[in-house]
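Let me begin by presenting the structure, written as structure tokens, before commenting on it.
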Protein chains: 2
Amino acid sequence: MKLTSRSEYALLALLYLARQEADVLVSVDTIAKAQAIPPKFLEQILLTLKRARYLKSSKGQHGGYALGKSADKISLAEVVRLFDGALAPTESVSVYFFEHTPIEKEKSLIRVFKEIRDYVSKKLENTTLADLV
Amino acid sequence: MKLTSRSEYALLALLYLARQEADVLVSVDTIAKAQAIPPKFLEQILLTLKRARYLKSSKGQHGGYALGKSADKISLAEVVRLFDGALAPTESVSVYFFEHTPIEKEKSLIRVFKEIRDYVSKKLENTTLADLV
DNA sequence: TTCGTTTCCTACTAAAATGGTAGATTACTT
DNA sequence: AAGTAATCTACCATTTTAGTAGGAAACGAA
């Protein structure tokens, strides 16, 4: 796993929304300013999060975004997977994003990297936005 | 950390050499065939490993590559860092490859990702080629 | 009913990273 | 001298990354 700016921005935005009162709508520009994120880029990111049901939104004046579910139901693992794919260090040890890679045939290497995958997934699955606010 | 094909091939080649008798020279083509690596690509990779003193070599007939130090002195961490940079999930929590990234200001996120960095580094620093042969 | 506001949607683009290839040169062995 | 194998550097196509641009749709207020 390597965090891209997309997933980092997504986490910042979600964290910001998690700190608001539930269901208060906040506009893209407000979040963008508060967290120093390029606004048009953030727009795309929030839209992705909305389509994946982590956010809800409404348009027009006093519109904006709010969390789509409670903060303790959104884990870091889900957010990172949504933007960056596998949490594992290489796809051949990934559960959800398996692909063939060169080290595949070396059992001893696979074992080490699976242990890393397991640690990372557990850690990020067990950490929710609620844990961080 | 995300493994690239470079670092995966490097690990395969090193592991192959670690399994040979010490100081036996093996040619690029032999390693390439044994581990299914594009030979000219492997050439570059071995050269990088040689410059970093993980391999030694000699030219000409019966030339080739061998480990430059004993297998228990070569950790996976060193190899991965050489080709892929930071072991950390994002540079702002990396010790050797620090750079600014967006999540930097969020202490709670930093804490989680530093724990991951620590686990990964320890695991890969404590695993040597000798552990894998 | 119209105006401003804000989300929604898609296309585009520049730069960097990735995964190699190609070919010439140097050095060693027989 | 011939063959073999490492050394070195340049090149290249594709994919990924990190955004930008601009219009359409919807909502609220006046």
Side-chain angles (χ1 to χ4, degrees), chain A residues 1-10 12-13 17 24-33 35-66 68 80 82-86 90-91 97 99-103, chain B residues 1-10 12-13 17 24-33 35-66 68 80 82-86 90-91 97 99-103:
Chain A
M1 171 197 45
K2 174 92 210 305
L3 297 182
T4 61
S5 69
R6 271 181 171 78
S7 65
E8 294 204 20
Y9 288 148
L12 290 179
L17 289 172
V24 171
L25 294 172
V26 184
S27 75
V28 172
D29 284 330
T30 303
I31 304 172
K33 261 162 200 147
Q35 298 286 54
I37 306 173
K40 290 294 281 181
F41 195 28
L42 181 57
E43 217 177 274
Q44 286 183 13
I45 293 164
L46 296 185
L47 212 42
T48 300
L49 286 168
K50 189 214 157 141
R51 287 176 181 143
R53 309 283 170 190
Y54 298 113
L55 295 180
K56 56 189 172 189
S57 66
S58 77
K59 295 180 175 181
Q61 227 161 17
H62 308 116
Y65 287 94
V80 173
L82 182 62
F83 290 96
D84 297 343
T90 181
E91 268 85 5
F97 297 87
E99 267 179 59
H100 296 282
T101 85
I103 58 161
Chain B
M1 172 199 43
K2 174 93 209 302
L3 297 182
T4 61
S5 69
R6 271 180 171 78
S7 65
E8 294 205 19
Y9 288 147
L12 290 179
L17 289 172
V24 171
L25 295 171
V26 184
S27 74
V28 172
D29 284 330
T30 303
I31 303 172
K33 261 161 200 147
Q35 298 287 52
I37 306 172
K40 291 295 280 181
F41 195 30
L42 180 58
E43 219 177 272
Q44 286 183 13
I45 293 164
L46 296 184
L47 213 42
T48 300
L49 286 168
K50 189 214 156 138
R51 288 177 181 142
R53 309 284 171 190
Y54 298 114
L55 295 180
K56 56 188 171 189
S57 66
S58 77
K59 294 182 175 180
Q61 228 162 16
H62 308 117
Y65 288 94
V80 173
L82 182 61
F83 290 96
D84 297 342
T90 181
E91 267 85 6
F97 297 88
E99 267 178 60
H100 296 282
T101 85
I103 58 160

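Just so it is clear: chains get the letters A, B, ... in the order the sequence lines come, proteins before strands, and each one is counted from 1. Everything numeric in this text was worked out from a predicted model, so none of it was measured. What's counted below: heavy atoms across the whole structure, side chains too, no hydrogens, waters or symmetry copies.
Between the OH atom of B/Tyr9 and the OG1 atom of A/Thr101 there is a distance of 9.0 Å, given to the nearest 0.5 Å. In this structure, the separation between CD on A/Glu99 and CD on A/Glu91 is 5.0 Å, given to the nearest 0.5 Å. Within the model, atoms CG of B/Asp29 and NZ of B/Lys40 stand 9.5 Å from one another, a figure rounded to the nearest 0.5 Å.
Under the ring-ring contact (aromatic ring centres under 6.0 Å, His included) criterion, B/Phe97 pairs with no residue, sequence neighbours left out.
As a whole-Å value, the separation of A/Leu12 CG from D/dA18 P is 14 Å. Atom CD of B/Glu8 and atom P of C/dG20 are 11 Å apart (whole Å). Here the P atom of nucleotide D/dT17 and the CE atom of A/Met1 are 14 Å apart, to the nearest Å. The distance between atom NZ of A/Lys33 and atom C1' of C/dT6, rounded to the nearest whole Å, is 13 Å. As rounded to whole Å, 13 Å separates atom C1' of D/dT17 from atom NZ of B/Lys2. To the nearest angstrom, C1' of D/dT16 lies 9 Å from CZ of A/Arg6. When the C1' atom of C/dC8 is taken as reference, atom CG of A/Leu55 falls 14 Å away, rounded to whole Å.
Taking 3.5 Å as the limit, the base of D/dG22 and the side chain of A/Lys40 contain a donor-acceptor pair of atoms between them.
Minimum interatomic distance between B/Pro102 and A/Leu12 (heavy atoms only, all atoms of both residues): O-CD1, 3.5 Å. Listed here is the closest heavy atom pair of B/Ile45 and B/Arg6: CD1-O, 4.0 Å.
Checked by atom type and distance alone, the side chain of B/Gln35 never pairs as donor or acceptor with a backbone atom of B/Ala13 at under 3.5 Å.
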Worked verdict on A/Phe83 versus A/Leu49 for side chain to side chain contact (heavy atoms under 4.5 Å, CB included): CA-CA 9 Å; A/Phe83 290 96; A/Leu49 286 168; 3.7 Å; yes
Test log, rule side chain to side chain contact (heavy atoms under 4.5 Å, CB included), inputs B/Val28 and B/Ile31: CA-CA 5 Å; B/Val28 172; B/Ile31 303 172; 5.9 Å; no
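At the phosphate of D/dG19, OP1 or OP2 sits under 4.0 Å from a side-chain N or O atom of A/Tyr9. Residue A/Tyr65 places at least one side-chain N or O under 4.0 Å from the OP1 or OP2 atom of C/dC8.
Across residues 41-51 of chain A, A/Phe41, A/Glu43, A/Gln44 each have a non-hydrogen atom less than 4.0 Å from an atom of DNA chain D (numbered order). Annotation: proximity of residues 56-63 of chain A to DNA chain C (heavy atom, distance under 4.0 Å) is found for A/Ser57, A/Ser58, A/Lys59, A/Gly60, A/Gln61, numbered in ascending order.
Side-chain atoms of A/Ser5 lie closest to D/dA18 of the nucleotides D/dA18, C/dT7, C/dG20.
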